[in-house]
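The structure is given below, and queries will be raised subsequently.
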There are 2 protein chains.
Amino acid sequence: MEANYTVSIVDKKKSRLKRGILKEMYRLGSRTLAQLAKALHASVPSVTMLIDELATEHWVQEIGTGAAQYGRKPALFGLRPGNQAIVVVDISVHDVKLVVFDLTNRVLDRLDVNLRLEDSVAFLESLKGPLEEISHRIREHNLNIIGVGCALPGLVDPRTGINYTYKKLNRPEQSLQQLLAHCFDSPVYLINDTKATILGEHRFGLAKGKNHVLSINIDWGVGLGVINNGEILQGLAGFAGELGHIQLQADGELCSCGKVGCLDTLTSASSLVRRVKAGLREGRVSKLAEENFEDIDVELVIDKAKAGDELAIDLLNEVGGELGKGLSIAVHLFNPELIIVNGVVAKAERLITRPIEQAIDKYCLADFRNKLVITVSRLGEMAKLYGTQAYVVQSLLEHEEIP
Amino acid sequence: MEANYTVSIVDKKKSRLKRGILKEMYRLGSRTLAQLAKALHASVPSVTMLIDELATEHWVQEIGTGAAQYGRKPALFGLRPGNQAIVVVDISVHDVKLVVFDLTNRVLDRLDVNLRLEDSVAFLESLKGPLEEISHRIREHNLNIIGVGCALPGLVDPRTGINYTYKKLNRPEQSLQQLLAHCFDSPVYLINDTKATILGEHRFGLAKGKNHVLSINIDWGVGLGVINNGEILQGLAGFAGELGHIQLQADGELCSCGKVGCLDTLTSASSLVRRVKAGLREGRVSKLAEENFEDIDVELVIDKAKAGDELAIDLLNEVGGELGKGLSIAVHLFNPELIIVNGVVAKAERLITRPIEQAIDKYCLADFRNKLVITVSRLGEMAKLYGTQAYVVQSLLEHEEIP
DNA sequence: TGATATTTTTAAAATAATTTATTAATAGAA
DNA sequence: TTCTATTAATAAATTATTTTAAAAATATCA
C-alpha cells in the first residue's frame, strides 16, 4: 500500500486554492487579485501570497494592468506561456495528429501522421515512431509535460481508458493508454472524439458561456456531444450521446453495428456520398456526373451544392432532414439552447443547417425550439484539439495532480 | 438597490461550512465529527465548534454513539427532528397532497385534497382553503417553515416557476408560486413531477448511490426523469427528459400535443386502457369482459393481468415493448446503470419490466445494456414527495438561505 | 481483571488567515 | 497642474484555525 504520508489540512487547502487560481486563469485568461479573491472566497492578501508562490514555481506571471474606470489600475495575472506542455493525440479514422499545447492554448509543436485507425495491433506499432519523435522534440525544447490527452472515436470509458469499439487498443501487453503514459511519462486521459469537440466549442468556441449545448459531428458516422450544466455528459461508462445507433427506420438498411435502420445509415457523410452515387446511377442531372465516379467524395458534393447543383442540394436536404428528425429527439431529451454542427458536412453551412432547422420545427414542441439556435462551428478541426487539451487540464486540476 | 452590507469572509466561510454540515447530515443521516471534518476539509476542533453553534441554533443534536472496532466510540450527530418544517405540495392530474416534512424525512402532517388540476383559475382558488388550513395547523404546532416545494406536471421552469403546459398557473395577478409564497411566507421551489420522483429515488430509494439513472413514470402520459452525475438533468429551462413527445410512428395517432405518433399515444396508462377496450370490442376473450365497460381502468387491467388474463398480459406486453423501444433511445443517449419504473403501471411489476427488458435487448447496443438493471420502484407515491422535499432542502442549502 | 493499543475528545500552543489601517496609483474636476 | 475621489496593493494588528499535546474512553489480549 501507499506510505501513510499525512498531508496537513493547511497544505491541502493551499493546494486547492492554487488549483482554483489556475482553473480561473485557464478558463478566463487574465485575472486580477480581487477577482481571484472573490472567486476563491479568500482575502486579497492570501491570494497575493498564493500568486507569489505560483510565480516562483513558474506557473503564473503578471501579464499587464487591467482597466478601471476610476482609481488605481489592477495588475493582471495569467498563466505563464510556453513552460508547461500538454500533448494532444488526435486519432481519427483518416489520420493522427500530435499537437503540443501550452496552458495558454498556444500550439508549441505539431506533427501530422498519415496513419489510418484500424482495429489492429499494427496501428499502435506504427504510432510509436511519431510519438517518440514528438517526445524527443519536446525534450529538446526543455518543456515540462504535465499531461497527455487522446481523442479517439468509439465507445471510450474515460475511467479505464478502454475503447469498446476498437478493442485492439486495449491489449494488456500494450494498450494505447500504456503506450502514451510510457512515452511521455505523464498522466494520460482518453476521451471520445465527439465529446472532445463539444468541450472545445464550450471552452473556446461558439458555446462559450452557454450551459446546455449539443454538438453534432457528421463524418463517417454521426456523433452527438452534450454539454449539460457546463460539463460534458458522459453517462456511466462514457457512452452517453450515442445518437448514431438509434433506430429511425424499422425497415431500413443494415448498419455496421448489426442493427437495422440506424441514424448512421441515413445521415452520415458516407451515406450522403452513397445517395449521390445512387442518384447519378439513376441518371439524375448533375454537374457531378462530369466527375470521375470514384473521385466523388463529401467535399466535392458540398462544393457542387454550394455552386448550386440541384442533386447535391436535394440530397443535403434529405440528409439534413433525417438528421434533424434524430436531433429533435435529443432536443426533447436535453433541452439545449444551442446546437453546433461540426465535421466535414459542416462546410455546407446553411445548406445543412436549414433542413435541420426545418425538421426541428416540424418534430419539436414549440417551447423547446423557441430559444434554440442552430449554427455551424467556427473552430473547425481545432475544436477537438482544444477540447482534448481542456479535458486534460480540467482532469489534472480536479485530480490534484498539479501543481 | 440593496443595502451594501459587507459580510466578512470569515462569516461567509463559516456559513458555507455550516451548510456543508447540514448537507452531509441530510444526505447521510448521522455523522461523526471526524467524518464531517474530512468531508469539509476542516479540522476536528473547527467542526466541533460549528456543531456546537448549530446545536444552540436547534439545527442539529447528538443522536447516539457510533461503532468503532477499537478505541473510543465517536459521538454521532444528526439533524434535529420535528423542528424545522418543509411543506410539500404534490399536484397531480387526479388530486393534490399537502405534506409537511421535517429535515429527517418524517411526515409531521398531511392533508389530501380531492381537487383535479385543470388549466383554470378556479383550481388556484380551490387550493387556497386547504393551503390555509395546513398553514394554520403548522403554526399551531409551533413549527418553523423553512421552505415550500411543489411538484407538478407539465413543462416547469424551476428558475422562474413558470409552467408552460398549465398556463393559468402563471397569471401575474395570482400565480401558483406567489400563492404558496404568500401562504407560507417562505421560499418556494417548483419542480416537474417526474424530476421530483427520480430525485426521491436517488436520495432515498433504489437509485441511492447510483449516479446515472433513468426513471420512467407511466401515468396519463409518459415522463422520463434523468439523474446524471448524481443530479437531476434539467436542461436550459427545465424541460429536459421529455420522452413522451418523440415520434415513434410516422403514421400514428394524433397526440394531444398536436403532433403525430408520439410515444405518449402508444404507451401511457390511458393508452393501455384504450387498447383493452378496443380488444374487448373486437370480441377478444378476457375476464375483463365480465366487468362494467365504464369501470375498466389501469388498476383493474393490471389486477387481471396478474391473475393471468391473456388479453391484459398481451397488451401490457405491447405497451412495454413500445416503451422499451423509446427507452432504448434514452439508454443510448444517457448511458444509465439503472432504470426505475414508477407510476400506476409499475404495479404490474415483472409484467411490465420484462417486455421493456426485451425491447432494450433488441434495440440497444450490447455495451449499453450489459450492466443495465431495470426494476420497479419500492417507494411508490413517496418517491415524489421525498424528492420534492429533497429538492427544497438542496436548493435552500445551495442558495445560502439557511441557516 | 488489568494492561495496552487505539480512537475520540478537549485544551493549549503555534500557525495562518483575515481585518484594519496605511500607502500607492490613477481618472476626473477645479 | 493640483486636488479629490476612487481603487489597488501592502503592512501591521487582530482574529481564526490548525497543530500538537494531553486526557478520556473502550475493545482486545494476556
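So you know, we letter chains A, B, ... as the sequences are listed, proteins then strands, and number each from 1.
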>> By the 4.0 Å heavy-atom rule, please label B:Thr32 as base, sugar-phosphate, or nothing.
In response: nothing
>> Measure CG/B:Leu50 against P/C:dT10 and give the value in whole Å, please.
In response: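 B:Leu50 atom CG is separated from C:dT10 atom P by 14 Å.
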>> Is there a side-chain contact between A:Lys73 and the phosphate of C:dA27, meaning an N or O under 4.0 Å from OP1 or OP2?
In response: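 For A:Lys73, the contact criterion (side-chain N or O under 4.0 Å from OP1 or OP2 of C:dA27) is met.
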>> If I take atom CG from residue A:Asn229 and atom NE2 from residue A:His212, how far apart are they, to the nearest 0.5 angstrom?
In response: 4.5 Å
> Atom CE of A:Met49 and atom C1' of D:dA9: how far apart are they, to the nearest Å?
Replying inline: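 The distance from CE of A:Met49 to C1' of D:dA9 comes to 16 Å, rounded to the nearest Å.
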> Do A:Glu57 and A:Lys18 meet the salt-bridge criterion of a basic N to acidic O distance under 4.0 Å?
Replying inline: yes
>> Using the side-chain heavy atoms of A:Ser43, tell me which of these nucleotides is nearest: C:dT19, D:dT19, C:dG28.
In response: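 Nearest to the side chain of A:Ser43 among the choices is C:dT19.
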>> Starting the side chain at C-beta, find the nucleotide from C:dT10, D:dA16, D:dT19 nearest to A:Val10.
In response: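 Closest nucleotide among those given: D:dT19.
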>> Under the criterion side-chain contact (heavy atoms from CB on, under 4.5 Å), I'd like the reasoning laid out for A:Ile21 against A:Leu50: C-alpha separation, chi angles, the key distance, then a yes or no.
In response: CA-CA 9 Å; A:Ile21 291 175; A:Leu50 292 167; 3.7 Å; yes
> For A:Val44 and A:Thr65, take the nucleotide of DNA chain C holding the closest heavy atom to each; which residue's nucleotide lies nearer the 5' end?
Replying inline: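 Nearer the 5' end of the strand: A:Val44.
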> Salt bridge check: are A:Glu398 and A:Arg19 linked by an N-O gap of less than 4.0 Å?
Replying inline: no
>> Tell me whether the side-chain N or O atoms of B:Arg72 pair up with the base of C:dT8 as donor and acceptor below 3.5 Å, since no angle test is needed here.
In response: yes
> What is the distance, rounded to the nearest whole Å, between atom CG of A:Asp52 and atom P of D:dA11?
Replying inline: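 Atom CG in A:Asp52 sits about 11 Å away from atom P in D:dA11.
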> B:Thr48 side chain N/O closer than 4.0 Å to the phosphate oxygens (OP1, OP2) of C:dT9?
Replying inline: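 No.
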> Could you state the CD-C1' distance from B:Gln69 to C:dT4, rounded to the nearest angstrom?
Replying inline: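 So the CD-C1' distance, B:Gln69 to C:dT4, works out to 15 Å.
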> Between B:Glu231 and B:Lys195, is the closest basic N to carboxylate O distance under 4.0 Å?
Replying inline: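 No.
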> With a non-hydrogen cut-off below 4.0 angstrom, is A:Lys13 in contact with a base, only sugar-phosphate, or nothing?
Replying inline: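 Sugar-phosphate only.
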> Closest nucleotide of DNA chain D for A:Pro45 versus for B:Leu17: which of these residues is on the 5' side?
Replying inline: A:Pro45
>> Does B:Ala75 reach a base, just sugar-phosphate, or nothing at all? Heavy atoms under 4.0 Å.
In response: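 Sugar-phosphate contact only - B:Ala75 comes under 4.0 Å of backbone atoms but never of a base.
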> A:Tyr70 has an atom OH; how far is it from atom C1' of D:dC3, in whole Å?
Replying inline: 10 Å
>> If I take atom CG in residue A:Leu36 and atom P in nucleotide D:dA8, what distance separates them, rounded to the nearest angstrom?
In response: 13 Å
> With sugar-phosphate meaning primed atoms plus P, OP1 and OP2, does B:Ala42 contact a base, only sugar-phosphate, or nothing at under 4.0 Å between heavy atoms?
Replying inline: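 Sugar-phosphate only.
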> Could you state the CG-P distance from B:Leu33 to C:dT10, rounded to the nearest angstrom?
Replying inline: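 About 8 Å, once rounded to whole Å.
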> Please give, in whole Å, the distance from D:dT19 C1' to A:Ile9 CD1?
Replying inline: 9 Å
